[in-house]
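Worksheet for the structure shown next.
In what follows, residues are counted from 1 in the order of the sequence shown. For the numbers below, each heavy atom of this structure counts, side chains included, while hydrogens, waters and symmetry mates do not.
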Amino acid sequence: PQILFQSWFNNLRNPYGAYWFARKWNDHELLENALAVKNLAILAPREDGAFPAVCYATEEGIYWNRGTRAFKHIDWYHTADCSTTAYYMALWFADHEGDPRLLGRCREFADFMLRVQLPSGSFPAWVRPSGVRMEVSPALKESATTACPAMFLAMLYLLDGSERYL
């Protein structure tokens, strides 16, 4: 079994909607399931503000994988995956219970994105730790992938009001 926090199949998107229906229908089991996925996303390990996109539940425990490239799991953070998850964290904060941990994770990730932003203003598609800094992959280094971090940062600006996210 795996839980994906990536752009195409984001397992935080469904619980975001399930939370709303659980409250409307007074369905405690559905609410608990939605909150469990939200808490997993919040508690995912992070490196410098970035967090992994894939969670495996194995008999030995939980295993996290940094990112994806289409359906391939890779050892790079995909900024679109992280940004989509952070976007749903921001929506959840705004539309549901206002869990301050969500906003804290969003700010940590936003600060990470601002550190890896390229001089052109775009955001690289994939980055990974390399010593004291993040290594930028040349693949889709300056591409439409920038839209995901930009969408997230704009949403965070609406919630936080900090001009640096613009």
Side-chain angles (χ1 to χ4, degrees), residues 1-19 30-93 96 99-118 122-156 165:
Q2 62 184 350
I3 297 173
L4 299 171
F5 294 115
Q6 55 124 245
S7 296
W8 294 350
F9 302 103
N10 194 297
N11 289 130
L12 190 58
R13 176 180 48 231
N14 293 344
Y16 166 82
Y19 180 94
L30 184 60
L31 183 66
E32 286 179 21
N33 290 336
L35 290 172
V37 177
K38 175 201 79 165
N39 288 328
L40 181 65
I42 291 171
L43 297 172
R46 52 191 180 266
E47 290 181 88
D48 197 28
F51 46 88
V54 183
C55 177
Y56 297 98
T58 69
E59 291 191 17
E60 293 80 37
I62 301 294
Y63 171 76
W64 291 91
N65 193 76
R66 285 186 179 135
T68 62
R69 186 170 289 165
F71 294 101
K72 182 180 178 187
H73 297 181
I74 60 173
D75 197 31
W76 293 75
Y77 290 109
H78 187 205
T79 59
D81 288 350
C82 292
S83 295
T84 301
T85 301
Y87 179 79
Y88 280 104
M89 286 180 176
L91 282 179
W92 195 305
F93 174 84
H96 295 326
D99 184 337
R101 299 175 303 159
L102 291 166
L103 194 57
R105 287 304 297 266
C106 287
R107 288 179 179 133
E108 288 173 9
F109 177 66
D111 292 343
F112 167 79
M113 289 307 303
L114 295 178
R115 286 190 296 277
V116 300
Q117 188 173 21
L118 301 172
S122 67
F123 297 97
W126 290 281
V127 297
R128 70 176 171 192
S130 177
V132 295
R133 1 176 323 189
M134 287 285 172
E135 176 185 357
V136 173
S137 170
L140 298 175
K141 182 177 175 182
E142 296 188 73
S143 67
T145 300
T146 289
C148 287
M151 174 184 72
F152 159 68
L153 289 168
M155 173 59 76
L156 185 56
Y165 299 136

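- The heavy-atom pair separating Ala34 from Trp92 by the smallest distance is O-CH2, 3.5 Å.
- Between the side chain of Thr146 and the main chain of Phe123, a donor-acceptor pair closer than 3.5 Å is present.
- Counting heavy atoms from C-beta on, the side chains of Met134 and Pro129 come closer than 4.5 Å.
- Checked by atom type and distance alone, the side chain of Arg128 never pairs as donor or acceptor with a backbone atom of Arg66 at under 3.5 Å.
- Here the closest non-hydrogen pair linking Leu156 and Ala110 is CD2-CB, 3.4 Å.
- Ring geometry, Trp126 versus His78: the interplanar angle falls under 30°, so the pair is classed parallel (tilted spans 30 to 60°).
- Side-chain contact between Asn33 and Tyr19 is absent, with no heavy atoms from C-beta onward closer than 4.5 Å.
- Within 6.0 Å of atom CZ in Arg115, more than 12 heavy atoms from other residues, nucleotides or ligands are found, so the atom counts as buried in its surroundings.
- Summarising the geometry, atom CE belonging to Met155 is positioned 13.0 Å from atom OG belonging to Ser83; distances are rounded to the nearest 0.5 Å.
- To the nearest 0.5 Å, the span separating CZ on Arg46 from CZ on Phe109 amounts to 13.0 Å.
- The backbone N or O of Phe5 sits nowhere less than 3.5 Å from a side-chain atom of Asp81 that would complete a donor-acceptor pair.
- Thr145 approaches Ala80 most closely through the heavy-atom pair CG2-CB, 3.8 Å.
- In this structure, Arg105 contributes its side chain and Ala44 its backbone to a donor-acceptor pair below 3.5 Å.
- If you take CZ on Arg133 and CG on Asp48, they are separated by 12.0 Å, rounding to the nearest 0.5 Å.
- Between Tyr56 and His73, the ring center distance clears the sub-6.0 Å criterion.
- The CZ atom of Phe9 sits 10.0 Å away from the OG1 atom of Thr68 when rounded to the nearest 0.5 Å.
- Among all heavy-atom pairs drawn from Val54 and Gln2, the shortest one is CG1-OE1, 3.8 Å.
- In this structure, the side chains of Cys55 and Ile62 come closer than 4.5 Å at one or more pairs of heavy atoms.
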Under the side chain to side chain contact (heavy atoms under 4.5 Å, CB included) criterion, do Tyr165 and Asp111 qualify, and how do the steps go? CA-CA 9 Å; Tyr165 299 136; Asp111 292 343; 3.6 Å; yes

Residues 11-18 side chain polar contacts: donor-acceptor under 3.5 Å, at least two apart:
from  : atom 1 : to    : atom 2 : distance (Å)
Asn11 : OD1    : Leu4  : N      : 2.6
Arg13 : NH2    : Trp8  : O      : 3.3
Tyr16 : OH     : Asp95 : OD2    : 2.3

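- The shortest side-chain heavy-atom distance between Asp99 and Ile42 falls under the 4.5 Å cut-off.
- For Phe93, the side-chain contact (heavy atoms from CB on, under 4.5 Å) criterion is met by Leu102, Leu103, Leu159, not counting sequence neighbours.
- The nearest pair of heavy atoms linking Cys106 to Ala90 is SG-N, 3.7 Å.
- Listed here is the closest heavy atom pair of Pro52 and Tyr77: N-CE2, 3.7 Å.
- Contact annotation: the side chain of Phe51 never approaches that of Phe112 to less than 4.5 Å [non-hydrogen atoms, C-beta and beyond].
- For the pair Glu32 and Leu35, the minimum side-chain heavy-atom distance is 4.5 Å or more.
- Using a 4.5 Å heavy-atom cutoff, the side chains of Thr85 and Phe152 are not in contact.
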